[in-house]
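Keep in mind it's a predicted model, so treat the numbers as computed, not measured.
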Amino acid sequence: MTEPSKVIHVRNVGHEISENDLLQLFQPFGVITKLVMLRAKNQALLQMQDVNSAISALQFYTNVQPTIRGRNVYVQFSSHQELTTMDQSTQGRGDEVSKPLFNTKYARVQYLLGLLFRAAIYMTAVVSLTFNFQSFGWLCRFDFFLPFDIDCCVLSLSSLDELQVNYNNDRSSLPILTIVFVRDFTNPNLPSEQKGRSSQSGYGDMGGMYDHQSSAAGAVPYPQMGNAAAIAAAFGGGLPPGISGTNDRCTVLVSNLNPDRVDEDKLFNLFSLYGNIVRIKLLRNKPDHALVQMGDGFQAELAVHFLKGAMLFGKRLEVNFSKHPNITQGADTHEYINSNLNRFNRNAAKNYRYCCSPTKILHISSLPQEIVEDEIVRHLEEHGPIINTKLFEMNGKKQAHVQFETEEEATEALVCKHATTLGGSIIRISFSQLQSIRESS
């Protein structure tokens, strides 16, 4: 084993892979100070600011195969403890030597600001801030990972409640500081340019809430794991027990359903806890079977892992990977790719972190401010006896925990009442990982 080093050796770096591609792969783990592209050898050397950042990156990519532009790359610690000028100048012909990425004049400023923003609980977007320090005569550019809904991340920079990213390009800007470019690396399928007005319906459009629309077959090129930054932030460089992170099958076969009680929207409400849903098909020739196409292979693996054996409407679900790579569109398929109810389009790291098997306690958010506990109980009690409730406020928004007697009753309430109207608001429901409601006090 090579001794840990802040220099990472990357192999199988094809000519189609750019410096920026490599930066995006390792930026979730800390500041990158130097990068050398060894084109003649299809390799690269990348130096993190400290050894711990490099260790975090390699620990994560031990469980998750790093892929760039469809090519698997392989990472390990370099025998170099630091990239020096001599190391960079003695590489073979055809190699591209990168200058240090951070000027030493403002390294201290960059480091301190990096500490501030990396203190955020999870990462959902990379924001590049360009400062013009005229008194020093130099320009600084910093890359930070900011969460969408942590108030401190926009602190004195903006009055916005959250950052909205519509297109992944260098013209996605906000008037926060001198120049701000924003890219959302948790949603790699965002276009680089606008290609027509979005047809998605809003939460208030009850008639089209799930947005069952057709889209061109094959228009959703999902990678095996398209949001590695969010996954790294959610699981702290590792993966949940039992999750390999290597599955590339996106479609799940669900069997032993109760055909009298289940429909596509109820399955959407359940499976969307573990990833974005592309489409769902109930099988006509097998009424107790359904196919669910998830956003990528990692999300499908989460669904299989956490829902296998779950009870729903008196039946124990069988959840396995399907032999079909995707669901062919047709009159009997329901489309969800454009649904605003897909949870992982925003706050993906938080949603990954909350993935779990069905529990007795539900977490309910997006409640109206004037709601009282009795209203929540009346809305849910048809699905089973409610033994405890707790209404609370977080970041100025009303939320609640509701405890049922069994996991099956809680699951039924979730699939039936998620995205329904309560007091004029569209509520959102998920499973809570609390052992008892008293833990939330």
Spatial distance of atom [atom1] ([X]) from atom [atom2] ([Y]) [nearest 0.5 Å]:
X: C250; Y: E301; atom1: SG; atom2: CD; result: 11.5 Å
X: L307; Y: L273; atom1: CG; atom2: CG; result: 7.5 Å
X: E335; Y: I327; atom1: CD; atom2: CD1; result: 8.5 Å
X: K281; Y: S322; atom1: NZ; atom2: OG; result: 10.5 Å
X: C355; Y: Q433; atom1: SG; atom2: CD; result: 8.5 Å
X: I427; Y: I371; atom1: CD1; atom2: CD1; result: 8.5 Å

Are any of the side-chain heavy atoms of [X] and [Y] separated by less than 4.5 Å?
X: R343; Y: S430; value: yes
X: L35; Y: L45; value: no
X: E3; Y: Q81; value: yes
X: V13; Y: R71; value: no
X: L270; Y: L317; value: yes
X: I376; Y: L367; value: yes
X: F392; Y: H401; value: yes
X: L341; Y: Y336; value: no

So which heavy atom on [X] is nearest to which on [Y], and how close?
X: A57; Y: I8; value: CB-CD1, 4.2 Å
X: C356; Y: Y274; value: O-OH, 2.7 Å
X: A400; Y: L391; value: CB-CD1, 3.9 Å
X: T251; Y: Q293; value: OG1-CG, 3.9 Å
X: E393; Y: K398; value: OE1-CE, 3.7 Å
X: A300; Y: R249; value: CB-O, 3.3 Å

Sidechain-backbone polar pair: [X] side chain, [Y] backbone, donor-acceptor under 3.5 Å:
X: T33; Y: Q47; answer: yes
X: N247; Y: G297; answer: yes
X: N320; Y: L253; answer: no
X: D296; Y: F298; answer: yes
X: K390; Y: I437; answer: no
X: T333; Y: I280; answer: no
X: S5; Y: F77; answer: no
X: N12; Y: N72; answer: yes

Requested in this report: Let me know which of V415, I277, L257 forms a side-chain contact (heavy atoms from CB on, under 4.5 Å) with L267.
Outcome: L257
**Report entry** Candidate pair M37 and L22, rule side chain to side chain contact (heavy atoms under 4.5 Å, CB included), full reasoning
**Finding:** CA-CA 10 Å; M37 302 293 287; L22 286 171; 3.4 Å; yes
Query - side chain to side chain contact (heavy atoms under 4.5 Å, CB included) evaluation trace for M48 with L46 - result: CA-CA 7 Å; M48 307 296 290; L46 180 142; 3.5 Å; yes
Requested in this report: Determine, step by step, whether V319 and F306 satisfy the side chain to side chain contact (heavy atoms under 4.5 Å, CB included) criterion, reporting the C-alpha distance in whole Å, the side-chain angles of both residues, the deciding distance to 0.1 Å, and the verdict.
Outcome: CA-CA 9 Å; V319 186; F306 287 118; over 6 Å; no
Report task. Would you sort out whether Y74 and H9 count as a side chain to side chain contact (heavy atoms under 4.5 Å, CB included), showing the intermediate values? Result -> CA-CA 8 Å; Y74 305 95; H9 181 205; over 6 Å; no
Requested in this report: With side chain to side chain donor-acceptor pair (under 3.5 Å) as the test, would you mind laying out the steps for S53 and D50 before giving the verdict?
Outcome: CA-CA 6 Å; S53 297; D50 52 61; 2.8 Å; yes
Query - Which residues share a salt bridge (Lys or Arg N to Asp or Glu O under 4.0 Å) with R69, sequence neighbours left out - result: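 Residues passing salt bridge (Lys or Arg N to Asp or Glu O under 4.0 Å) with R69: D21.
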Query raised in the report: Are the aromatic ring centres of Y61 and F29 under 6.0 angstrom apart?
Result: yes
